[in-house]
Engineer: 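Take this structure, written in structure tokens, and hold onto it; I'll ask about it next.
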Protein chains: 2
Amino acid sequence: MRKEASTNARNEADILRNCGMAYTLSVIGGRWKPTILFTLLNNGRMRYNELRRSINGISERMLVAQLRELEEDGLVKRIIYPEVPPRVEYELTPAGISTEPMLMCMSDWGNHQRIQKERLVDTSREISVS
Amino acid sequence: MRKEASTNARNEADILRNCGMAYTLSVIGGRWKPTILFTLLNNGRMRYNELRRSINGISERMLVAQLRELEEDGLVKRIIYPEVPPRVEYELTPAGISTEPMLMCMSDWGNHQRIQKERLVDTSREISVS
DNA sequence: CGGTATCCTGTATGATACTG
DNA sequence: CAGTATCATACAGGATACCG
């Protein structure tokens with residue numbers, strides 16, 4: 001932990017951390033991907049409309065786009081049945097399943113922080129009253 | 001893990017997970033915040049320009065904006081010294097420090113996935129050659 | 001059923017010049 | 001030194017209509 005001029009020379013470990021983080025955010029960042037992954041983690045293989053109904057507020061356009069990106073990144077497998085009417089199912093790959101601990105870690109941190117912030121607000125309110 | 005019509009009724013735990021995740025992404029998502037947090041985790045208290053030089057490619061505008069948001073979310077403390085020329089230092093709060101395990105988890109997952117993908121590409125290349 | 005195509009808005013991000 | 005102000009662009013996300 002040096003504080004001199006050499007601070008501007010980023011070390012290797014630092015750069016690696018940022019690359020990994022950038023990749024992670026590119027894969028699971030955004031408004032919908034975590035929800036999609038959670039939904040598939042909970043329900044297993046699901047059809048397109050089943051997913052759409054499970055995820056409140058998502059448009060068809062976004063669901064398809066996010067699923068295609070997740071597929072491209074190797075987290076989701078798309079299974080097409082050559083039937084009429086068409087049937088397509090989505091399922092997590094092993095890589096998709098491997099996100100579970102990370103997703104839990106992130107949601108737990110978020111919930112914990114929100115509770116902490118509410119406590120702080122309550123405390124400051126009590127102080128300003130008394 | 002039911003697959004009937006009742007799938008569209010999201011359960012409580014599911015909703016909570018998504019709220020926590022949404023909060024986490026709103027706080028540490030985006031292109032710069034993880035890097036800022038990593039930098040402060042490694043270097044401790046830092047001045048504005050020291051931070052700017054350490055984070056390659058960030059504009060003054062973005063650095064200030066992200067720091068203000070991190071401050072508002074309680075992860076960063078802004079310390080102003082009433083001097084001429086002005087001096088401002090930034091430091092992680094306990095909440096900011098508490099992100100470390102989560103950030104590590106995310107960057108590790110990202111790095112691990114990138115390596116796995118490279119391996120897959122190599123393997124498919126070998127197969128297509130032989 | 002499982003999508004595409006098209007158009008549109010808002011936010012994130014960036015470049016540059018200026019200031020107390 | 002530590003920012004602001006201004007302008008510009010890219011991309012995420014949304015609404016709606018249509019298609020094989």
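A, B, ... follow the sequence lines: proteins, then strands. Residue 1 opens every chain. Every heavy atom of this structure was used, including side-chain atoms; hydrogens, water molecules and symmetry mates were not. Fair warning: this is a prediction, and the values are worked out from it, not measured in the lab.
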Engineer: Write down the atom of T39(A), the atom of I55(A), and the distance for their closest heavy-atom approach.
Structural biologist: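 The pair with the smallest heavy-atom distance is OG1-CG1, 3.8 Å.
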Engineer: Figure out the NZ/C1' separation between K33(B) and dT13(C), and round it to whole Å.
Structural biologist: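 Interatomic distance, NZ of K33(B) to C1' of dT13(C): 13 Å.
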Engineer: Examine distances only and state if a side-chain atom of T24(A) and a backbone atom of G110(B) form a donor-acceptor pair shorter than 3.5 Å.
Structural biologist: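 A pair under 3.5 Å: yes.
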Engineer: Does any non-hydrogen side-chain atom of M62(A) lie less than 4.5 Å from one of R31(A)?
Structural biologist: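 Of all side-chain heavy-atom pairs linking M62(A) with R31(A), none is under 4.5 Å.
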Engineer: Please report, rounded to the nearest Å, how far the C1' atom of dG3(D) is from the CD1 atom of I79(B).
Structural biologist: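 Going from I79(B) (CD1) to dG3(D) (C1'), I get 17 Å.
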Engineer: Is there a path from I97(A) to M46(A) through hydrophobic residues (I, L, V, M, F, W, Y) whose side chains come within less than 4.5 Å of each other?
Structural biologist: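 Looking at the clustering, M46(A) is in the same group as I97(A).
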Engineer: Pick out the pairs of N or O atoms, protein on one side and nucleotides 2-4 of chain C on the other, that lie under 3.5 Å.
Structural biologist:
| from | atom 1 | to | atom 2 | distance (Å) |
| --- | --- | --- | --- | --- |
| dG2(C) | OP1 | R47(A) | NE | 2.9 |
| dG2(C) | OP1 | R47(A) | NH2 | 3.0 |
| dG2(C) | OP1 | V88(A) | N | 3.3 |
| dG2(C) | OP2 | N49(A) | N | 3.3 |
| dG2(C) | OP2 | N49(A) | ND2 | 3.2 |
| dG3(C) | OP1 | R68(A) | NH2 | 2.9 |
| dG3(C) | OP1 | R78(A) | NH2 | 2.6 |
| dG3(C) | OP2 | Y90(A) | OH | 2.7 |
| dG3(C) | N7 | E60(A) | OE1 | 3.0 |
| dG3(C) | O6 | E60(A) | OE1 | 3.0 |
| dT4(C) | OP1 | R68(A) | NH1 | 2.7 |

Engineer: Of the candidate nucleotides dT13(C), dC1(D), dG14(D), which contains the atom at the shortest distance from the side chain of P85(B)?
Structural biologist: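 Closest of the options to the side chain of P85(B): dC1(D).
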Engineer: Separation of R52(B) atom CZ from dT16(C) atom P, in whole Å?
Structural biologist: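 These atoms are roughly 13 Å apart.
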Engineer: What is the distance, to the nearest angstrom, from the CD atom on Q66(A) to the C1' atom on dC11(D)?
Structural biologist: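 These atoms are roughly 12 Å apart.
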Engineer: Pair up each side-chain donor or acceptor in residues 77-86 of chain B with any protein partner under 3.5 Å, not counting sequence neighbours, and list the distances.
Structural biologist:
| from | atom 1 | to | atom 2 | distance (Å) |
| --- | --- | --- | --- | --- |
| R78(B) | NE | Y90(B) | OH | 3.3 |
| Y81(B) | OH | R45(B) | NH1 | 3.1 |
| Y81(B) | OH | E89(B) | OE1 | 3.1 |
| E83(B) | OE1 | R87(B) | NE | 3.4 |
| E83(B) | OE2 | R87(B) | NH2 | 3.3 |

Engineer: Starting from P on dA12(D), measure out to CG on L25(B) and report it in whole angstrom.
Structural biologist: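 These atoms are roughly 15 Å apart.
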Engineer: Measure CG/N56(B) against P/dT13(C) and give the value in whole Å, please.
Structural biologist: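 Whole-Å distance recorded here is 17 Å.
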Engineer: Given C19(B) and R114(A), is the side chain to side chain contact (heavy atoms under 4.5 Å, CB included) satisfied, shown in steps?
Structural biologist: CA-CA 10 Å; C19(B) 288; R114(A) 290 197 311 159; 3.6 Å; yes
Engineer: Rounding to a whole Å, what distance do you find between R53(B):CZ and dA2(D):C1'?
Structural biologist: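 It is 12 Å, rounded to the nearest whole Å.
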Engineer: How many whole angstroms separate atom CD1 of I80(A) from atom C1' of dG20(D)?
Structural biologist: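 It is 14 Å, rounded to the nearest whole Å.
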